[in-house]
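Below you'll find the structure, written out as C-alpha cells, and then a few comments.
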Amino acid sequence: MALTFSPSGSIIYNETDGEGWCFTAYCNATCEIEKKSKPCHTTVSPPVSTTIEKTTIPASTPSSTAKTETTTIVTTTSPETTTLVPDCDHFDPPRKNGESWSVDNCTKATCTHGSAVLTPKECEPVKSVVCENGHSPVKVYDESGCCFQYECQYCLGPNDTTKQPGEKWRSNCQECECPMDSTTPLCKPVECSIKSNKTCEKAGQVPMVEIVDCCEKFTCECDVDTCPQTSHTCSEGFQPIVTTPKGSCCPEYDCQPKPVCVYNKTEYQPGAVVPSDKCEDCKCGSTVDPDTKLHSVECTPVKCDESCKLGSEYEAVPGECCGKCVEKTCVVMLPGNTTQILEPGQIWTPPNDKCSKYKCEKIEDQLVPVEVKMVCPEFNPENCIPGTEKTDEDGCCETCTPHQDCKVMKNSTHLEKNGCKTTEPVEVNSCEGNCATSSMYSVEANSMVHACSCCQEMSTSSKEVEMACPDGTKISYTYTYVETCGCKPLECPEEKSSQKVSRRRRR
C-alpha cells in the first residue's frame, strides 16, 4: 500500500453528508490527522470555477536566472449565488480566510480556502561581481538573513576602512601595509630613535615624558612641590611678598614695609592712638621714616584738665601725669537751682521746711548728701485729750494724747474642733478700740522713735463647754474667756516706721 504524506496544516478532506453537516480532516503540527464536524452554513449552491495562480520568485544564485514557481489554487464563484468559504480553524491561533501572518523572517503564510499558502520574501536580483584584487566574491546576507548579494573581500584598515593592495598606513603605533596577495594587513611597531636619560637643570623642574607620534618625547616641566624650602618671615611692620621671575619655576620671597607704625613690637594703623609711658599723647602719623620705611609715631605733651565740679578740688597724683578731682564737701541741690554746701557730718534744715533735714555722709570713698524727710502721723484734734496738743521739738509735726476707748466686745458663736461642735452658741469676747501710737524723729539718735500700745486682753478666765461629735459621742472642751481689755505698751516693728530717708548724690 502506498503512503501519502501531507504537509503540516494541509486539509486531507472537507466533505458534507448532504444533511447539513460538514466533515473536515487536516494534518496538525505533529503530523497527526485531526477530524472535526460542524453544521454547514450554506446558501443556494452557486456554480464554482477554479483558477490556478502562479507566483514566480527569482532564485538566490549569482549565475542563474532560474525562477521558482509556487502554484496556488483559487476557487471563485459567480455573483448570483455564494457558498461560505472555509477558514483555517485548525491553526493555533485560528486564522480567517485571506488573513496573512509571518512564519519566519523569510516566509509569509496566507489562509486560503482553509489551507495555508506559503510565500517566500521577495529579494532583489543578484548581480555578478568581478573583484579587482583577484579574490572570489563572497555572499553577504542582509539583516533579515533572507536575501544576499555578492561582495569582494578587501583588506580592512582602522575604523573598518578598506585598503587597496600595496597601500600603507599607521594605526595604534604600528606601521601597516595591505599585501598584494592577502586580505590580512601586515603590521609592525613604529620605530623610534633611542634617547638617553636627560636631567633638568633649573630648580623646581622635573623631567616629563610624553608620547608624541607613538614615540617618547622628553621635556622639563615645573613642579613647585620640588622647590627648596626657604624661610620667609619678616619683622614687625613688614610683610612677605612672593614673586616668580620670568623663566623661573620656584617663587622668591622678599619683605615689603606695611603702611603702619611699630612701637614696642606692636603695629598701629595711621591715626591710631599709640600708648606711651611718658606724659605725652602719641598717635601713628602719616609721614614715612626714610630710614625704617615705616610710618612715624607723633607725640605731644599731655594737657591735664584741672577744672573740677562744685564741692571738689584738683589734687596732684604722685607718679601720674595728671591729678584728679577730690570731693571735699557735699552739694545739696534745692528747688530754684539753688545749692547748699555741707561739710562732712554737718546736719542742715532748710528754714522754710522744718520737716526736711540734710546731712553730709561719707559712703565708701564718696561724700553723699543724705536727706531725711519727716512724715507726720495723722493728726485729728477731735481724738485728743484736751490740753495735750503740742508740736515736736523739730517744729514739724503736731501730736497729742489720744482718747483710749479699748473695751470688751461680746460675741456668740458655735465652737468646732475635729468635727465636734457645741450644741448651743457660746459667748466669745474680744478686745477692740484705739490705743496711743506715735512715731517721731530724734536728731540725737538720727532715727525715728516709736511709741506703740495695743488694745488687748488684761484679764481672762477658762470656761468649759460640751461638744457633740459625728459618731454620737460627747466631749468636754475648755476655751479662754476675756474678762477685761486695756491698752498695753508694745515694741513697734521697724517696717511701720514713718521716717523717709533719701540720699542725694551730687551731679
Side-chain angles (χ1 to χ4, degrees), residues 201-206 222-333 337 339 341-344 360-370 503-507:
E201 299 178 355
K202 293 184 179 180
Q205 289 186 339
V206 294
C222 181
D223 184 0
V224 294
D225 293 335
T226 63
C227 291
Q229 297 295 325
T230 58
S231 176
H232 48 274
T233 57
C234 298
S235 59
E236 292 82 5
F238 291 84
Q239 59 187 354
I241 59 172
V242 181
T243 59
T244 303
K246 185 177 180 180
S248 298
C249 175
C250 296
E252 295 182 1
Y253 297 90
D254 194 7
C255 290
Q256 178 179 340
K258 300 179 184 177
V260 296
C261 297
V262 175
Y263 183 78
N264 287 339
K265 296 185 177 182
T266 303
E267 297 180 0
Y268 297 91
Q269 297 295 327
V273 175
V274 178
S276 175
D277 53 359
K278 300 177 182 180
C279 294
E280 296 177 323
D281 289 329
C282 300
K283 67 176 182 178
C284 182
S286 58
T287 59
V288 177
D289 189 323
D291 296 329
T292 64
K293 307 301 182 182
L294 300 174
H295 284 238
S296 301
V297 176
E298 300 173 354
C299 298
T300 57
V302 173
K303 293 182 180 180
C304 299
D305 184 8
E306 298 182 2
S307 61
C308 297
K309 295 180 181 179
L310 183 63
S312 299
E313 295 179 3
Y314 182 82
E315 292 182 357
V317 178
E320 298 292 334
C321 295
C322 296
K324 64 179 181 179
C325 293
V326 180
E327 291 179 326
K328 297 295 183 179
T329 58
C330 293
V331 178
V332 179
M333 303 300 296
N337 291 327
T339 59
I341 304 299
L342 300 179
E343 297 294 330
C360 184
E361 294 183 359
K362 188 172 184 178
I363 301 176
E364 295 180 352
D365 294 334
Q366 289 185 323
L367 292 177
V368 179
V370 178
R503 289 178 171 82
R504 291 186 177 180
R505 292 184 180 272
R506 187 184 62 219
R507 292 180 289 175

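Atom set for the values below is all heavy atoms of this structure, side chains included, hydrogens, waters and symmetry mates excluded.
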When you measure from the side chain of Glu236 to the backbone N and O of Thr266, does any donor-acceptor pair fall under 3.5 Å?
-> no

Working to the nearest 0.5 Å, report the span between SG of Cys321 and NZ of Lys303.
-> 15.0 Å

For Val288 and Ser296, work out which heavy atoms get closest and say how close.
-> C-OG, 4.3 Å

Between Pro251 and Thr244, the two heavy atoms sitting closest are CA-OG1, 3.8 Å

salt_bridge(Lys328, Glu315) N-O dist < 4.0 Å | yes

Are any side-chain N or O atoms of His295 and backbone N or O atoms of Gly285, one a donor and one an acceptor, separated by less than 3.5 Å?
-> yes

So CD of Glu327 and CG of Leu310: to nearest 0.5 Å the spacing works out to 11.0 Å

Test log, rule disulfide (SG to SG under 2.5 Å), inputs Cys279 and Cys322 | CA-CA 8 Å; Cys279 294; Cys322 296; over 6 Å; no

Donor-acceptor contact below 3.5 Å, side chain Lys265 vs main chain Val262 | no

Going from SG on Cys360 to CD1 on Ile341, what distance comes out if it is rounded to the nearest 0.5 angstrom?
-> 9.5 Å

Do you know which two heavy atoms are closest between Lys258 and Leu294, and how far apart they sit?
-> O-CD2, 3.8 Å

Closest contact, heavy atoms only, Gly237 versus Val260 | CA-CG2, 3.9 Å

Taking the side chain as every heavy atom from C-beta outward, state whether Thr287 and Glu298 have any pair of such atoms under 4.5 Å apart.
-> yes

Taking side chain to side chain contact (heavy atoms under 4.5 Å, CB included) as the test, write out the residues that go with Glu343, two or more places apart.
-> Thr329, Gln346

What distance do Cys304 atom SG and Lys324 atom NZ have between them, rounded to the nearest 0.5 Å?
-> 14.0 Å

Under 3.5 Å, side chain of Tyr314 to main-chain N/O of Gly323, donor-acceptor pair present?
-> yes

Side chains of Thr243 and Glu252 in contact at under 4.5 Å (non-hydrogen atoms) = yes

Heavy-atom pair of closest approach, residues Cys325 and Ser312 = CB-CB, 4.2 Å

Any side-chain heavy atom of Ser286 sitting closer than 4.5 Å to one from Pro270?
-> no

Here the gap from Phe238 atom CZ to Gln256 atom CD, rounded to the nearest 0.5 Å, amounts to 10.0 Å

To the nearest 0.5 Å, tell me how far Lys202 NZ sits from Cys227 SG.
-> 12.5 Å

Note, Pro228 side chain near Cys250 side chain (heavy atom, < 4.5 Å) = yes

Check: Asp289 side chain, Asp291 main-chain N or O, donor-acceptor pair, under 3.5 Å = yes

Report the residues that fulfil side chain to side chain contact (heavy atoms under 4.5 Å, CB included) with Glu280, sequence neighbours left out, ordered by chain and then residue number.
-> Ser276, Lys278, Cys282, Cys299

